[in-house]
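This one's a predicted model, so the numbers in the text were calculated from it and none came from an experiment. Computed over heavy atoms, backbone and side chain alike; hydrogens, waters and symmetry mates excluded. Chain naming here is simple, since letters A, B, ... match the order of the sequence lines and numbering starts at 1 in each.
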2 protein chains.
Amino acid sequence: MSLCAEKPTPGPEEYSISELAREFDITTRTIRFYEDQGLLSPSRRGQKRVYQKADRTRLKLVLRGKRLGFPLTDIRRMIQLYDEPGGEAKQLDLMLSQITNSRSTLLQQQLDIELQLKEFDDIEARCKARLAQLRSPQNT
Amino acid sequence: MSLCAEKPTPGPEEYSISELAREFDITTRTIRFYEDQGLLSPSRRGQKRVYQKADRTRLKLVLRGKRLGFPLTDIRRMIQLYDEPGGEAKQLDLMLSQITNSRSTLLQQQLDIELQLKEFDDIEARCKARLAQLRSPQNT
DNA sequence: TAGCAGGTTTACGTTAACGTCAACTGGAAG
DNA sequence: CTTCCAGTTGACGTTAACGTAAACCTGCTA
């Protein structure tokens with residue numbers, strides 16, 4: 001440990017690339033790749049990447065998008081919506097229609113999930129019934 | 001049209017590969033690829049594939065899995081659960097644990113979707129507010 | 001001063017999920 | 001018989017999303 005000078009920017013909390021990687025259980029390669037794709041844009045101290053809280057939040061959004069199966073290009077457009085609304089009315093209209101689009105995809109996914117969950121319940125019940133039958137007394 | 005002999009198997013309804021392709025808006029290549037991956041196994045009349053209702057249902061399951069972002073290997077395991085429960089207790093236990101697994105993924109996705117939808121509502125509201133402001137009277 | 005941990009760029013490799021020919025087949029229509 | 005159409009099997013091409021390896025910098029610490 002060096003003498004003092006420990007917190008040059010004590011404010012908004014910062015992260016190194018490997019800290020983020022550990023936290024979200026991904027590789028640094030992945031994080032750099034996301035930056036390449038325009039999903040992240042951390043500041044730099046010297047040549048090293050420094051991630052602020054906002055960057056961390058963006059990364060979380062990316063990973064959420066991934067869990068939902070979206071390709072990175074879609075995810076990029078989605079998280080750009082979080083940035084400051086362009087200003088131009090045209091731009092705002094575009095954003096609104098993109099939101100409408102993404103929303104309908106998400107709603108479809110909700111339906112799909114509900115159906116799938118119900119069917120799993122069904123299958124599970126039959127499995128358990130079959131298991132109970134296997135252990136039932138009449139097979140001695 | 002040939003003379004009669006139109007319905008050799010009038011029973012369970014059959015589909016050609018291109019019929020299914022049209023219905024679900026995918027290519028025949030995709031359907032054959034899914035078969036290659038063990039997701040479908042249609043019967044054959046001569047060398048041509050003939051799809052029964054059960055095959056159609058399986059295809060629907062596959063596409064639902066795709067909409068949820070699952071890789072084909074996961075989808076395969078998932079739809080195998082719809083087949084007859086193996087019989088062996090060990091096999092049934094395995095099925096149950098697989099269901100538990102998949103279910104937790106789906107539940108996570110539900111959470112992700114709800115969050116995302118809420119954030120979209122939020123962004124949308126701010127967009128609309130900004131738009132209203134742009135058209136407001138004070139800029140004449 | 002040497003070395004090491006953590007970071008950087010560059011570049012090629014890999015896997016999944018198809019797309020895109022090419023060459024062949026079997027039946028119906030003209 | 002030829003022609004056409006829907007279907008079939010290879011085989012190679014492509015894109016997304018990283019993995020992996022090489023070569024370099026850099027700020028401590030021993």
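- As a whole-Å value, the separation of B/R44 CZ from D/dT8 P is 6 Å.
- An angle of 20°, rounded to 10°, separates the two end axes of the helix from C/dT1-D/dA30 to C/dG30-D/dC1, each defined over five pairs.
- C/dG7 atom C1' lies 10 Å from atom OH of A/Y51, rounded to whole Å.
- For the atom pair CD1 (A/I79) and CG (A/L39), the distance works out to 5.0 Å, reported to the nearest 0.5 Å.
- As judged by a 4.0 angstrom heavy-atom cut-off over every strand, A/S16 is placed among residues touching the sugar-phosphate backbone only.
- Distance B/I17 CD1 to C/dC18 P: 14 Å, rounded to the nearest Å.
- Base contact: B/R32 has a heavy atom under 4.0 Å from a base atom.
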Handout entry: Stepwise salt bridge (charged side-chain N to carboxylate O under 4.0 Å, His left out) test for B/K53 and B/E14
Key = CA-CA 7 Å; B/K53 265 197 170 168; B/E14 299 178 347; over 6 Å; no
Show me the side-chain donor-acceptor pairs of residues 69-78 of chain B shorter than 3.5 Å, one per line, residues at least two apart or across chains.
{"unit_1": "B/D74", "atom_1": "OD1", "unit_2": "B/R77", "atom_2": "NH2", "d": "3.1"}
{"unit_1": "B/R76", "atom_1": "NH1", "unit_2": "B/Q37", "atom_2": "O", "d": "2.7"}

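- Interatomic distance, NZ of A/K48 versus OG of A/S16, reported as 9.0 Å (0.5 Å rounding).
- Between B/R49 and D/dG7 there is no side-chain polar atom (N or O) within less than 4.0 angstrom of OP1 or OP2.
- In the displayed structure, A/D83 atom CG is contacted under 6.0 Å by more than 12 heavy atoms of other residues, nucleotides or ligands.
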Practice task
Go along nucleotides 10-26 of chain D 5' to 3' and tag each nucleotide: B for a protein heavy atom under 4.0 Å from its base, S when only backbone or sugar atoms are that close, - otherwise.
Solution key: -B-----BBBB------
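- Between B/L39 atom CG and C/dC18 atom P there is a gap of 10 Å when expressed in whole angstrom units.
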